[in-house]
*Asks:* 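Quick one: structure below, then a few questions.
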Amino acid sequence: MAMTDTTSNAPANGKGTGFKFDIQALGPILALVVLIVIGYLLNPDFLASKNITNVLSRSAFIGIMAVGMTFVITAGGLDLSVGSMTAFIAGIMIMVMNALIPALGTGWGVILIGMGTGLMLGAIAGAVNGLLITRMGIEAFIVTLGMMVIFRSLVTWMADGGTISLNFSIGSIYEPVYYGGLFGIRWPIIVFAVVAILGEIAMRHTAYGRHCAAIGSNEQVARYSAVHVKNVRLMTYVVLGILVGLASVLYVPRLGSASNSTGLLWELETIAAVIIGGTLLSGGFGRVWGTVVGVLILGLIDNILNLTDLVSPYLNGAIQGVIIILAVVLQRARKSSR
Amino acid sequence: MSANAAIQSEPPQAEMSAAPILALRNVQRSFGPIQILFDISIELHPGEVHALIGENGAGKSTAMKIMSGYLEASDGEIVLDGQPVTFARSREAEARGVTLIHQEFNLAQLLSVEQNIFLGHELKKGWLLDHATMRAQTRELLDRLETPLDPRAKTADISVPEKQMVEIAKALSRKARVLIMDEPTAALTTRETEVLFRQIDRLKEEGTAILYTSHKLDEVARIADRITVMRDGHIVRTALRGELNEDQMAEAMVGRDLSDMFPPKRPADGAEPVLEVKNFTIGTLVKDVSFTLARGEILGFAGLVGSGRTELMEGLFGVRSSTGSVAINGRPVRIHNAEEAMTAGLVYLPEDRKENGLILTQDMRRNLTLLALKKFSNIVIDRKAEEAALDKAIVEFDIRAPSRDVLVGNMSGGNQQKVLLAKIMLAEPQIVIIDEPTRGIDVGTKQQFYTFIHKLAEAGHSVIVISSEMTEVIGLCDRVCVMRRGRIEGEVTGQEVNEDVIVRLAMGLEKKGNGHD
């Protein structure tokens, strides 16, 4: 750091960053392409539309949350609670829907109320995180770590240590929200795509995205530049909460149940996808399309390990871990070479 | 240039016969294809203050970094005690008695003053740290520097001048034989500068060789035994004490005549106040301040560092909470944050452009439009309008950057400041508060800034200029408020705007009412 020579206005610097930026942008895509090739070579079924559909719809949950997480991290924050928040929201949604059946019967009415509950709860949970962080001034890591444990415990308690199951007839009406779709594309994939596109636009082309990056780079500069630092930060958590709600709305019809193990470690997978995609963990720079690539990379690794017997699928976590660390090491290397 | 070269080719050697401790001989340095230093030879003699002056980008910092082991020379040699050396790193230079005090502080914010002073050189008693001795030595050093600081104080909590003193204490504790000071007085008040000069005198007597850089030429004229002037990576002039006056120094640095640093003063456009501040108070930092500002006026705020000038302006800008009344165009306003200030037509250019002004890791365009981003965005940001605004700013404020996408952190201080000024002017403010307009920027660019400020006033903006540089306030402003300990100690206008009166007010030697008592 002491080496930064501010007095020499060397044009070489400018060119250097521009060139390296391209490599940085291409890195994750390159990794994705390599993975696809490897997957295909190991098992030609890999590219079958059924398999792709499977991978994408399972990745959609992480993906939807990861788009929200990109904004949180870009603005210099972090949210560790999203995994257990999913479990909690799913649990409450199921309990609400089950409880409403005697009054409203089994139909879309109940499901719509359930969906509304999920989104609402997500917004509230996000707001609680955000308010504790911005108004009380507590570290995001601490707040969301606490919330993670609280939500997990609440789900276990609500399920009394077991599983909360959705009423069977409601479940079969609700099922198409996960398994159905448009033009052969499942709903979760469509929703993920829409969320990602909106996220990309918001990040790159709106004042909100610009403000998130400004806050993550230098909060003081943002404040002196008329950015409502607290409100923008708060909104990143609320939006993430709503997206967690949305992911839960899509998740419930998949299994029709919620338990202590629902959404386990999803927070880590979500954060990992964001970081692999090139967003800086320290904030200040975020890339939604990169996050999407990150989600796909993680999803494909899981899938490839399942399709081939080259490496035990039990090692999936270890491989993901290596990739996460590698992604950050590469970021670091680029930064210092600048 | 050729005339200068002729003078320079006669090396002055009369009284300085002692061998240099440290010397650069024909040093070259390039960054990639760009050569920054050309054939630099500088000698540092024991007991001598050698001032190195030049505009930003002239290569001073690079030369200093090569001397102190932070950078390697591309060619040429570094000679220490008559022997050619290569410092593989700054620690090696330090171990041999060559210490650089950075312009930007290298202090660990969360460590105490004492921990910082001994960082990497902790005194030990067996396995354990010798806290008692370190504390005693810290006290002694701080006493010597007349800085009443608790050695246990957290570095983040002390003021900027105090940090500078801690840096100096740190260097003193290393028993440096060669002390290289990169603009040590940039952040110091007059009083602190005096303390520093006494220390420099003392170090000289002890036989320390000192390399000193500053943009404040009066200081250079005062303390330098030998002066080297750099321009565009070349040494253009070397002189002994008394051979160059301040004007000649500036001329040699810039390579042109600088007799008119300041545009002629202009009166306000009328008596009608644009801004009226009454009984403005911020905790204990600013007490009961009242003043007015007219259309087209350039109002100066002088005072020692810590007198509450910056805090007052931050309060007006809404980034500090305050009490009291503020009226703009006769209408009372309450400003709670920067956005409300901007809406009310008031903007503030912060004192510390790197901490509060610019995002160093982003490009010019994003920095430029951040404050006034609303003007550029409906639902999405109008990229074309942004680019057009950048084009306009580059021309209007003569911003020089290697490319449009360069990160602001890689630009020179003067160009950063231009981007910052362009940024706040995009908000089309009526009232512009500029805190230390030319801190750490070179003489040529300073002059440009004075012209910019003048033009702003001419265009009908009302401008407040805070500055620790007396010449700046005196040269720019027809009316000056002098602050001391959070209050306006007095207001001077017209002929009274001179150094003597302002200093006396700032030091509390004279009391003056707002013109009528």
Side-chain angles (χ1 to χ4, degrees), chain A residues 1-22 74-76 197-198 200-232 280 282-286 334-335 337-338, chain B residues 31-34 36 56-62 65 70-71 90 102 104 106 314 317 319 337-343 348 350 352 355-362 366-367 369-374 376-377 379-381 383 400-403 405-407 409-413 415-416 423 427:
Chain A
M1 217 175 80
M3 300 296 301
T4 324
D5 189 358
T6 47
T7 52
S8 76
N9 44 2
N13 268 353
K15 270 180 212 152
T17 26
F19 178 63
K20 258 147 214 151
F21 193 77
D22 283 341
T74 301
I197 290 167
L198 290 179
E200 175 71 13
I201 292 171
M203 181 65 87
R204 279 169 63 126
H205 301 292
T206 69
Y208 181 72
R210 200 63 79 74
H211 286 172
C212 286
I215 293 170
S217 304
N218 188 330
E219 200 177 318
Q220 283 308 317
V221 173
R223 204 162 70 96
Y224 278 78
S225 305
V227 176
H228 289 288
V229 173
K230 286 181 179 174
N231 291 354
V232 172
L280 291 178
S282 51
F285 176 76
R334 273 180 227 115
K335 223 178 170 183
S337 73
R338 199 153 68 189
Chain B
F31 289 104
I34 313 288
I36 300 287
N56 280 351
K60 293 172 306 195
S61 293
T62 311
K65 283 178 180 164
Y70 284 89
L71 280 178
S90 62
H102 291 267
E104 273 126 33
N106 274 349
E314 287 180 342
F317 189 54
V319 293
N337 56 47
E339 192 182 6
E340 287 175 11
M342 194 173 63
T343 313
Y348 171 67
D352 189 335
E355 284 299 315
N356 301 328
L358 295 167
I359 297 177
L360 302 180
T361 51
Q362 290 186 352
R366 282 160 209 259
N367 270 292
T369 57
L370 186 60
L371 179 66
L373 198 53
K374 268 195 184 153
F376 295 90
S377 85
I379 295 167
V380 296
I381 295 170
R383 176 76 183 260
R400 292 179 200 177
S403 80
D405 317 316
V406 66
L407 300 183
N410 292 339
M411 295 169 67
S412 73
N415 281 308
Q416 286 180 355
K423 167 182 165 178

*Asks:* With a 4.5 angstrom heavy-atom cut-off, which part of I379(B) approaches chain A: side chain, backbone, both or neither?
*Replies:*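 Only the backbone of I379(B) comes within 4.5 Å of chain A.
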
*Asks:* Side chain, backbone, both or neither: which part of T369(B) has a non-hydrogen atom closer than 4.5 Å to chain A?
*Replies:*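 The answer is the side chain of T369(B).
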
*Asks:* When only pairs under 4.5 Å are counted, which of V221(A), I201(A), N218(A) shares the most heavy-atom pairs with chain B?
*Replies:*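 Looking at each of V221(A), I201(A), N218(A) in turn, V221(A) comes out on top.
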
*Asks:* Please classify the contact of A202(A) with chain B as side chain, backbone, both or neither, using a heavy-atom distance under 4.5 Å.
*Replies:*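 The answer is neither part of A202(A).
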
*Asks:* Highest number of heavy-atom pairs under 4.5 Å with chain A: which of L358(B), D352(B), N367(B), N337(B)?
*Replies:*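 Among L358(B), D352(B), N367(B), N337(B), the one with the most close pairs to chain A is L358(B).
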
*Asks:* I need the residue from E340(B), K374(B), M342(B), E355(B) with the largest number of non-hydrogen atom pairs under 4.5 Å to chain A.
*Replies:*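 It is E355(B).
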
*Asks:* Got T361(B) and F285(A) here, is their nearest side-chain heavy-atom distance under 4.5 Å?
*Replies:*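 No. Closest side-chain heavy atoms not under 4.5 Å.
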
*Asks:* Kindly write out the residues that satisfy side-chain contact (heavy atoms from CB on, under 4.5 Å) with A341(B), not counting sequence neighbours, or none if the list is empty.
*Replies:*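 A341(B) satisfies side-chain contact (heavy atoms from CB on, under 4.5 Å) with F317(B), I335(B), L346(B) only.
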
*Asks:* Please determine, among I359(B), L360(B), T343(B), the option with the most heavy-atom pairs under 4.5 Å with chain A.
*Replies:*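 Maximum pair count with chain A is reached by I359(B).
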
*Asks:* Could you give the distance from CD (E339(B)) to OG (S225(A)), rounded to the nearest 0.5 Å?
*Replies:*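 Rounded to the nearest 0.5 Å, the CD-OG separation comes to 11.5 Å.
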
*Asks:* Contact part of K423(B) toward chain A, heavy-atom cut-off under 4.5 Å: side chain, backbone, both or neither?
*Replies:*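 Contact with chain A is through the side chain of K423(B) alone.
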
*Asks:* For the candidates R210(A), H228(A), E219(A), which exhibits the highest count of non-hydrogen atom pairs separated by less than 4.5 Å from chain B?
*Replies:*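 Of the candidates given, the most pairs with chain B belong to R210(A).
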
*Asks:* Given heavy-atom pairs under 4.5 angstrom as the criterion, report whether the side chain, backbone, both or neither of N356(B) touches chain A.
*Replies:*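 Interface part for N356(B): both.
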
*Asks:* What pairs with R204(A) under salt bridge (charged side-chain N to carboxylate O under 4.0 Å, His left out), at least two apart in sequence or on another chain?
*Replies:*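 Listed in chain order: E200(A).
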
*Asks:* Check whether Y348(B) gets within reach of chain A through its side chain, its backbone, both or neither, counting any heavy atom under 4.5 Å.
*Replies:*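 Side chain only.
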
*Asks:* Relative to chain A, which segment of E314(B) carries a heavy atom at a distance below 4.5 Å: side chain, backbone, both, or neither?
*Replies:*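 Answer is side chain: those atoms of E314(B) sit under 4.5 Å from chain A.
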
*Asks:* Quick one: are L370(B) and H211(A) in side-chain contact, heavy atoms under 4.5 Å?
*Replies:*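 L370(B) reaches H211(A) side chain to side chain.
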
*Asks:* Give me the atom names and distance for the closest heavy-atom approach of Q362(B) to A213(A).
*Replies:*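 In this case the closest contact between Q362(B) and A213(A) is NE2-CB, 3.7 Å.
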
